[in-house]
Every structure is written in C-alpha cells, then in structure tokens.
Visitor: 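Okay, here's the structure, questions in a sec.
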Amino acid sequence: MQYRRVVELMTEKELGLHLEVRGWVRSCRHSKEVTFIDVNDGSCLANLQVVAEGSLANYAEEVKRLTNGSAIVVRGEFCASPAQGQAVELRASTIKVVGWAAEDYPLQKKRHSFEFLRQISHLRPRTNSLGAVARIRSALSYAVHSFFKERGFFYVHTPIISTGDCEGAGETFTVSALNLEKLALQGQKLDWRQDFFGRQANLTVSGQLEAEAYAMALGRVYTFGPTFRAENSNTSRHLAEFWMVEPEMAFCDLQDDIDLAEEFLKYLLRYALANCQEDLALMMNYVDKDLSLRLENVAEKAFVRLSYDEAVRLLTDAKVDFSYQVQWGADLHSEHERFLTEQIFKQPVVVTDYPLQIKPFYMRANDDGQTVAAMDILFPGIGEIIGGSQREERLERLVGRMESLGMVLDEYQWYIDLRRYGSAPHAGFGLGFERIVQFVTGMKNIREVIPFPRTPGSAAF
RNA sequence: UCCUCGGUAGCUCAGUCGGUAGAGCAGGUGGCUGUUAACCACCCUGUCCGCGGUUCGAAUCCGUGCCGAGGAGCCA
C-alpha cells in the first residue's frame, strides 16, 4: 500500500491506484449510506475528499461520529470524482481513526478572527490561512538560502548569546544562570562575575558584528537566525523575538550593497509567486485581493533611489502638515516614510546617506563629514524592511567615532582588530524576515507570520 | 510607554429608552440527499472580563483594574 501526500495527488494523473492518505478531518457531510470527509494533511491548501460508504465495517460506530480535527488514516481507491467540486477523490476501503478530536475542538468551519486564533497558536496552523502562511514562510526561508548559495555566500551561524549589544540596536534580554529569586530574598547585590559567563550576557540583537569577522575570512557570508529585542513595542510590526537575514560582503561598497538588497528582495517575491500560487490565491481571497499584482509590480520595477538630502527636500516641498516636522538631521518618521512610498512614488524607495549623528558607530563616514554610507529600503505598507550600510573599515575613523560616542573600546577590541589585520571595504544589510513574510502574505499583523509570537506580556506556548 | 476603540454562549455577533439575554456556526439526537462553508427538525450551552459605585432594578450609566486591537514612539 502506497502512502501518498495530498499535494502529490492533486497532480496525479493515474487513476485506480490503491493508496493510503494520512491527515486530519476538516469537514464531514454525513448521510445514512455515505459520508464525505474532507481530509487535510498539511502538504498543501487543498483537502482530499474521502468517500466513505455505509458498508465500511466501522461506519455506524466511528465514521458517522467523526469530529472535525480528528486524525485518520484512509486506504482506498484513488478515482475521478463524479460530482462537481473536485476532480479526484479517495473511495475508502478502510478508515482508521488514529486520534479523536474532543467535541470542544475550537476550530469551526467558518472564519475565525486572527485575534482568536492567536490565543490558540498551537491549533491555528490547522486553518487554511495560517497553514498557507506557514508554507509561504517556509518557501521564503528556502529562497533565502538558495539566493545566497547561488551567489557564492557562506551561511554562518553567529551566536545567540552575546556580550555586546551592537550599540543602539535596542534593549536586550539578559541571560543569566544565577538564582535571581534567591539573591533577591537574601537581599544580595548582583555580581555578574559570579554568573555563568563571568560577566553580563544577553540574547543577541544582531549577528552583524560577528558576520563581519567571517566576511573578512570567507569573503561573502550571511546569517539567518533569531534575534531578540526587549523593547516595549506594541505594534503590528514588532516582535520581541524575530528572525533576521544579514549578509556581509568584503570588497564591496554601498552601491553593491543596495544592488544586492534589491536583487534579493525581488528574488524572494518571484520565488513566492512561482512556488506558492495556491497559498497566495487564498491570501488574495481572504486577506488582500491586490496581493499578487503588488508583488509582481515590486518584483519588476526598479526601486527608487534617493539620498536623505533629497528625501528631506521632497518632504519639505510637499507642504503636508506632518505631526513631526521634517528637518535635516532628524530621523524620518513613519508618516514621512509612508508619504514617500505610498504618496510620492507608490513603490519601494531606497534612502541613502543619512546624517552621521543618527546612525550607529560602525557605518562608514562619507567625505562630507556629515553623513554615512547607509541605506534603508522602505516598502509601502510596511515601512523599513531593510537597513544596511558600508562599514567603517578605516581603523582611525572607527576608533575616533567610538570614542566620541563614549564607547568602551576594550569591549570591542576583537571588532577593532578586524581593522588592524587586513581590513577591507565591506558592506551588508539586515532584513527583518517577518516583514517580508508580511509583505508577501499581505497579513496586517506581524504576529500572524511567526508560529508562536513573542511580544510584551505574551510568551505563552 | 502614550492616545483611541473594544471585552455578551466554544466561535462570529445582535441586544433599542436601565426591567438579569438571543441568532447563526460548533456540539448532541434524529431525518434526508453524490455531498461539498450541505440541508431540515429538536436539544444543550452564559461569572454579559474583574472589582467598586449610582439605582427599586445594571450587559446597558459612572469609577477603577485586567486583557485585546488600531495608531504613535522605538526599530527590523
């Protein structure tokens, strides 16, 4: 007996096969002598219709009592369906109930709100929409790796536990093996020297600095892993735990960096369009009907590139009454970014050469002494999706900048060393992976595009 | 963290002027049909988010706490 997944059967041409399907009941339509069961095995969006005749040994006892969500193994003949609604079906010879779903199974056949589904994150992948999102996320993840592999990048696993904070990347979560409760009860002071690592450690906020070290050895590398921010951000675009893709390239400047980033984003969109058609069609029906048009547009058109200077001028000339004033030297706010991408250009925009004082220490100073070789890629509806820069490869410049920011150089000696031993121009960027999954799926809330979202006050499951 | 809006059955929601609750779905029972968000009949389901107040009487009005959503800040 051949075990087959539903996704294969949807394109199987040979009829009359005897085979086995394993999955979960999505819906049952009972009558006296025949029951139709929609079985979903997660391999694709589509259900397989199983036809269960009254002659089955366990028809009255089990088949007629099947509940939604139950796990079943069906053996039978794969044949053309005489009725409309599906091309093929499985005429059951045996149906084995592997695991019953209790009658309080919370998923109904009707639509649920995403807020409700979030409360049952362990069950929500069994819905059409969250199942589709999970498959699209997986496809995009695969595309990340294939994109870099095709271009000769090496995948580097940077550490999750770190002792630097990538300066300005946000609040960190402390990692400790100390018995904090006991220390508090005893009224003792925290002494990190007594802790596991002999100093204070935290969950990483970025793998960039470590990736730079490997770029200085392997040439072109990327990281793709979880990162953590303890910011009290309560928005539909932020998570406390999210996945970031961070390539780093030696012998590259800002222009190469932007070219790569644009090519990368388009590659991901085209990959999804080519490989996730069925799931994207579902998202278009239920979440955003213009989705594929928007994805195709972004995948084909060249991104608009402009300097921070020009962006500030455009926003000032627009004579729009913003809540935050646009002025040279201040960072662009959400409303400004949205105005650029959604009102002026109606497509992705790359803003480059930001003022030095609003950007972190590792970005390369431009010759004007005022700006750095930085770039942000802004997407309509999403905001900043990529942030990157050419890194400061000149020892004196880097150290000078760190000193002026009051940083403790000892903490970063290894990073400074990279400029002492064969430094080379290099550049990289970071992509918030969930943001691109959001863009591709059209999901409004970032909590729907990661399986078990971590946000302030919420780490259940 | 700030602003705005919300919390009624397992789910989606209605509930008028203050008089202690309802419809669909889910679940149960039966019927019926190659059905397909099946259909029909009957049955079951409530700390109206918690606490306090006003009132003869509160799901409804007031205060407060908790939780959720949208937006902002911060960022990816």
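The sequence lines fix the lettering, A, B, ..., with proteins before strands; numbering per chain opens at 1. Computed from a predicted model, the values in this text were never measured in an experiment. In what follows, every heavy atom counts, from backbone to side chain, and hydrogens, waters and symmetry copies are set aside.
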Visitor: Give a yes or no on whether a salt bridge exists between A:Arg4 and A:Asp41, defined as a side-chain N under 4.0 angstrom from a carboxylate O.
Guide: no
Visitor: Under 6.0 Å between ring centres, would you say that holds for A:Phe148 and A:Phe264?
Guide: yes
Visitor: Whether A:Ser27 contacts B:rA38 is assessed here as follows: a side-chain N or O lying under 4.0 Å from the phosphate OP1 or OP2. Is that the case?
Guide: yes
Visitor: Is the phosphate of B:rA72, meaning OP1 or OP2, less than 4.0 Å from a side-chain N or O of A:Arg338?
Guide: yes
Visitor: Return the OG to CG distance between A:Ser81 and A:Leu15, rounded to the nearest 0.5 Å.
Guide: 11.0 Å
Visitor: Nearest whole Å is fine: how far is B:rA37 P from A:Asn128 CG?
Guide: 12 Å
Visitor: So which atom in A:Thr441 and which in A:Leu291 form the shortest heavy-atom distance, rounded to 0.1 Å?
Guide: O-CD2, 3.6 Å
Visitor: Can you check whether any acceptor in the base of B:rU35 is under 3.5 Å from a donor in the side chain of A:Gln86, or vice versa?
Guide: yes
Visitor: Is there a side-chain polar atom (N or O) of A:Ser334 under 4.0 Å from OP1 or OP2 of B:rG71?
Guide: no
Visitor: Any luck finding a side-chain donor-acceptor pair between A:Asn234 and A:Asn232 under 3.5 Å?
Guide: yes
Visitor: Taking OP1 and OP2 of B:rC74, is either one under 4.0 Å from a side-chain nitrogen or oxygen of A:His333?
Guide: yes
Visitor: Hey, what are the protein-to-nucleotides 68-70 of chain B N/O distances that come in under 3.5 Å?
Guide:
| from | atom 1 | to | atom 2 | distance (Å) |
| --- | --- | --- | --- | --- |
| B:rA69 | OP1 | A:Arg118 | NH1 | 2.2 |
| B:rA69 | OP1 | A:Arg447 | NH1 | 3.0 |
| B:rG70 | OP1 | A:Asn445 | ND2 | 3.0 |
| B:rG70 | OP2 | A:Asn445 | ND2 | 3.2 |

Visitor: Rounded off to whole Å, could you give me the OH-to-P distance for the A:Tyr286 and B:rA37 pair?
Guide: 10 Å
Visitor: B:rA76, B:rG34, B:rU12: which one has an atom nearest the side-chain heavy atoms of A:Gln49?
Guide: B:rG34
Visitor: Indicate yes or no: does A:Glu61 engage A:Arg65 in a salt bridge with an N to O separation below 4.0 Å.
Guide: no
Visitor: Taking the P atom in each of B:rG19 and B:rA58, what is the distance between them to the nearest angstrom?
Guide: 11 Å
Visitor: List for me each residue that meets side chain to side chain contact (heavy atoms under 4.5 Å, CB included) alongside A:Thr352, sequence neighbours excluded, and say none if there are none.
Guide: A:Leu254, A:Ile258, A:Ser307, A:Val350, A:Met375
Visitor: Below 4.0 angstrom, N of the basic side chain to O of the carboxylate: do A:Arg151 and A:Glu263 qualify?
Guide: yes
Visitor: Does A:Arg29 get its side chain close enough to the base of B:rC32, under 3.5 Å, for a donor-acceptor pair?
Guide: no
Visitor: Roughly, in whole Å, what's the span from CE in A:Met244 to P in B:rA76?
Guide: 7 Å
Visitor: To the nearest angstrom, how far is A:Leu48 atom CG from B:rU35 atom P?
Guide: 18 Å
Visitor: Let me know the distance between CD of A:Glu434 and P of B:rA76, rounded to the nearest Å.
Guide: 14 Å
Visitor: Salt bridge check: are A:Asp257 and A:Arg391 linked by an N-O gap of less than 4.0 Å?
Guide: no
Visitor: Starting at atom CD1 of A:Ile446, determine the distance to atom P of B:rC74, rounded to an integer number of angstrom.
Guide: 17 Å
Visitor: Does the B:rC74 base have a donor-acceptor partner in the side chain of A:Ser233 within less than 3.5 Å?
Guide: yes
Visitor: Look at A:Glu434 together with A:Arg137 and state whether they make a salt bridge at an N to O cut-off of under 4.0 Å.
Guide: yes
Visitor: If you look at every strand shown and take non-hydrogen atoms under 4.0 Å, does A:Leu239 touch a base, only sugar-phosphate, or nothing?
Guide: base
Visitor: Would you please confirm or rule out a distance under 4.0 Å between OP1 or OP2 of B:rG27 and any side-chain N or O of A:Arg65?
Guide: no
Visitor: Regarding A:Phe116, tell me which of base, sugar-phosphate or nothing describes its non-hydrogen contacts under 4.0 Å with the strands shown.
Guide: sugar-phosphate
Visitor: Once you round it to whole Å, what is the distance between P of B:rG73 and CZ of A:Phe322?
Guide: 12 Å
Visitor: Want to settle it: does A:Val34 or A:Cys28 sit nearer the 5' end of RNA chain B, counting the closest nucleotide to each?
Guide: A:Val34
Visitor: Determine the contact category for A:Tyr324: base if any of its heavy atoms lies under 4.0 Å from a base atom, sugar-phosphate if only primed atoms, P, OP1 or OP2 are that close, otherwise nothing.
Guide: sugar-phosphate
Visitor: What I want to check is whether an N or O donor and acceptor connect the side chain of A:His112 with the base of B:rC11 at under 3.5 Å.
Guide: no
Visitor: Taking the side chain of A:His238 as heavy atoms from C-beta outward, which of B:rU12, B:rC74, B:rG34 is closest to it?
Guide: B:rC74
Visitor: Of A:Phe242, A:Tyr222, A:Phe224, which meets ring-ring contact (aromatic ring centres under 6.0 Å, His included) against A:Phe433?
Guide: A:Phe224
Visitor: What contact category does A:Glu89 fall into here, base, sugar-phosphate, or nothing, at under 4.0 angstrom with non-hydrogen atoms?
Guide: base
Visitor: Hey, what are the protein-to-nucleotides 22-26 of chain B N/O distances that come in under 3.5 Å?
Guide:
| from | atom 1 | to | atom 2 | distance (Å) |
| --- | --- | --- | --- | --- |
| B:rC25 | O2' | A:Gln108 | OE1 | 3.1 |

Visitor: Quick one: which of B:rG10, B:rC74, B:rU35 gets closest to the side chain of A:Phe36?
Guide: B:rU35
Visitor: Using atom CG of A:Leu203 as one end and atom P of B:rA76 as the other, report the distance to the nearest whole Å.
Guide: 17 Å
